[in-house]
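Report on one structure; see the data block that follows.
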Amino acid sequence: MTESRNSNTYPPTAEFAAQANVTAADYEAAAEDRLGFWADKARSLVDWKTPFTETLDWSNPPFARWFGDGQLNVAANCLDRHVEAGNGDRVAIHFEGEPGDSRSITYAELTTEVKKAANALASLGVSQGDRVAIYMPMIPETVIAMLACARLGAAHSVVFGGFSADALHSRILDAEARVVITADGGYRRGKPSSLKPAVDAALAKGDTPVDHVVVVERTGEDVAWVEGRDKKWADVVGQQSEEHEAEAFDAENPLFVLYTSGTTGKPKGILHTSGGYLTQSTYSVFATFDLKPETDVFWCTADVGWVTGHTYIVYGPLSAGATQVIYEGTPDTPDKGRWWSIVEKYGVSILYTAPTAIRTCMKWGDDIPAQYDLSSLRLLGSVGEPINPEAWTWYRRVIGGDRCPVIDTWWQTETGAHMIAPMPGLVPTKPGSSQRALPGISVKIFDDEGQSLGNDQPGLLVIDEPWPAMLRGVYGDPERYKDTYWSRFDGIYFAGDGARFDEDGDIWFLGRVDDVMNVSGHRLSTAEIESSLVAHDAVAEAAVVGAADETSGQAVYAFVILRAEVEETDDMEEKLRAHVGSDIGPIAKPKRIHIVDELPKTRSGKIVRRLLKDLAENKGVGDSSTLADASVMDLISQQVSSS
Ligand code: PRX
């Protein structure tokens, strides 16, 4: 493991260090009294209606209660308190629509809109303890809808707009959502892209407890209408009072359920609650991004359908009082300079994006960003997958003008907020490494037996102390929560990532150690795509692997055996890809589907995916000695090279 020895580090400039929010004192305070550190952060960064007296109740692990006897309203923390502090005129959101329309919304205006939306949802019967599904494009109403739920103490379950009707249906059922908030569509790649038809199709499948669908008009396209069930956002929200008293809820009141892929076929509903999540989200915005709410303009390019959007578009930045940009569309519409024109237009100072996007921009060439004034930038963040040192250094040099720290943040849907990242202003950054746990966070690298490993030994990343933004469970399935995260090492959180400390004690991520793939920073499970393929009439067996890909980090490759009676046709691969697309969503479509006669299996019938991965990565046929029939790989290899 030599890459870190060869890599330069980039110390913060003296100027940056002098103004940084996090200093060595944070680490010292957290090391001395971890719970005291978090209690201080909860008191100083969050407004409580009822102050808490107990920081952590870990008497029934792995079920944690943080700040358990405190009460707060999360939405009021993101809105009203900034208005009350005299910052109502500060812009909360600069919205940039893909077609070029834009709107700037102040904290005072956003507060009013959320109050009206909360009144509207209450008029539809939504109250504390309910769930509301949100299936939306990237527009301000999405944020307003989420905060309106939070204001009422109801949990939202946002479903990424790229997911299919089937995926939406299963999430609505699992979360038992009573109301769906959607839009006619959004703009994508220069055209309207519909959403409401998928909601109609999902609800037509039946059995859902949904009795209201609220539809935002974004594209103005015609949509089918179910009288009595469907309501226009403009009608139902427009007529509401601008007054709404925010009730305080328990710190452990559910805030949201967000579905994520695991190692089995069925996505898990990750449950997050209020006080601890808000504390760590807010802290991390100040710590990792060094946010100065009065002067910074923050832009997180994620979609709100993922956890990054929840924590770093909605709750973290708004609770911190930030001014941020929300952009609806793709980076290459109408041209490949779109992102950089947005940075220039709004004077973005902190940019947070994913390695896939960085690698794509890198491929498009340095001359595109060079046409824009990017001098407002002062910090660059990365998230979602390991960032290769080449992309890291390009990001720093070309986008950051060699002056901005590049902060690689490691975390997960389950962790709720940043867990590992170099604190800018304190730690010299190192291309490709996420480096250190945040103050107050404790991680280790274990071997298979649960022994803590030292430097330069690859192992499994674990989190050995509870943290405020940790998931509180898998919705409706406490056993799955215990089994998935806490059983590999008793009482210790197993993240599913391989990692190692280098000789400086900095953390390098080595990818997932389970059957979870990471495509463009999005989590996909091999099992979920395999079960989708096997559900197709033509398919007898399927094996799915994530193979290294230059742009997307990993790409999905599938190997399928057709049923005996099915004849292979030229369009079979395309048909199966389309099937996965409509079953799960376009992001899950395999890059290639190879039709083969056999799959490599051990004597006990287990598919050896490692061999298929080598093949997909053009590494040839690896060691096949564990197979029941070693010649199978040669056959598959021939079929793959001729397809
Ligand atoms: O494998 C890790 C990878 O993404 C997984 C979490 O995915 P998800 O829950 O969808 O959340 C993504 C956004 C937080 C992790 O288990 N991952 C995330 N960030 C990094 C990363 N791998 C390496 N470096 C990162 N910075």
Side-chain angles (χ1 to χ4, degrees), residues 158 160 162-163 256-263 267-272 277 280-281 284 288 300-313 315-316 352-359 380-389 391-392 395 406-422 429-438 441 443 445 458 460-463 469-471 474 484-485 488 493-500 506-526 528 546 548 552-554 585 587-588:
V158 180
F160 172 56
F163 277 128
F256 64 85
V257 177
L258 182 59
Y259 287 81
T260 187
S261 295
T263 48
K268 301 181 285 258
I270 302 300
L271 173 69
H272 282 286
Y277 171 80
Q280 195 179 328
S281 301
S284 61
T288 315
C300 164
T301 67
D303 191 286
V304 214
W306 309 105
V307 75
T308 306
H310 281 59
T311 308
Y312 297 107
I313 292 178
Y315 295 108
Y352 190 36
T353 193
T356 291
I358 299 165
R359 289 191 292 264
L380 303 173
S382 174
V383 61
E385 48 181 317
I387 177 164
N388 46 313
W392 193 106
Y395 194 28
V406 173
I407 305 299
D408 177 25
T409 62
W410 179 91
W411 59 296
Q412 307 176 297
T413 307
E414 292 86 342
T415 70
H418 296 157
M419 300 296 281
I420 300 174
T429 52
K430 188 182 274 185
S433 169
S434 305
Q435 302 191 271
R436 316 249 161 110
L438 266 68
I441 299 297
V443 301
I445 295 174
L460 307 169
L461 186 92
V462 297
I463 307 169
M470 65 194 278
L471 75 166
V474 172
T484 312
Y485 303 106
R488 175 85 192 240
Y493 178 87
F494 170 59
D497 280 49
R500 72 177 176 87
D506 285 325
I507 298 172
W508 291 73
F509 280 98
L510 307 171
R512 298 284 304 193
V513 294
D514 53 13
D515 290 331
V516 172
M517 298 172 289
N518 190 324
V519 178
S520 303
H522 298 145
R523 252 160 91 166
L524 294 170
S525 103
T526 53
E528 198 181 351
S552 59
Q554 282 191 314
I587 48 160

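We're numbering straight along the sequence, starting at 1. We count ligands from 1, going down the list as the structure has it; atoms in each ligand are counted the same way.
The aromatic rings of Y485 and Y493 sit parallel, their planes meeting at an angle under 30°, below the 60° perpendicular limit.
Residues forming a side chain to side chain donor-acceptor pair (under 3.5 Å) with T301 (at least two apart in sequence, or on another chain): T353. Partners of R512 according to the salt bridge (charged side-chain N to carboxylate O under 4.0 Å, His left out) rule, which considers only residues two or more places apart in sequence or in another chain, are D497, D514. In this view, T356 and E385 satisfy the side chain to side chain donor-acceptor pair (under 3.5 Å) rule, not counting sequence neighbours.
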Inset, instruction - Tell me, with the steps shown, if F163 and I587 meet side-chain contact (heavy atoms from CB on, under 4.5 Å). - result: CA-CA 8 Å; F163 277 128; I587 48 160; 4.2 Å; yes
Short N or O contacts of ligand 1 with protein, under 3.5 Å, listed by atom name?
| residue | atom | partner | partner atom | Å |
| --- | --- | --- | --- | --- |
| ligand 1 | 1 (O) | D497 | OD1 | 3.2 |
| ligand 1 | 1 (O) | D497 | OD2 | 2.7 |
| ligand 1 | 4 (O) | G384 | O | 3.3 |
| ligand 1 | 4 (O) | N518 | ND2 | 3.4 |
| ligand 1 | 9 (O) | T413 | N | 2.7 |
| ligand 1 | 9 (O) | T413 | OG1 | 2.5 |
| ligand 1 | 9 (O) | R523 | NH1 | 2.7 |
| ligand 1 | 16 (O) | Q412 | NE2 | 2.9 |
| ligand 1 | 16 (O) | D497 | OD1 | 2.6 |
| ligand 1 | 16 (O) | R512 | NH1 | 2.8 |
| ligand 1 | 17 (N) | G384 | O | 3.3 |
| ligand 1 | 19 (N) | G384 | N | 3.1 |
| ligand 1 | 24 (N) | E385 | O | 3.4 |
| ligand 1 | 26 (N) | D408 | OD1 | 2.8 |
| ligand 1 | 26 (N) | T409 | O | 2.7 |

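The existence of a salt bridge linking E414 and R523 is confirmed by a sub-4.0 Å separation between a basic side-chain nitrogen and an acidic carboxylate oxygen.
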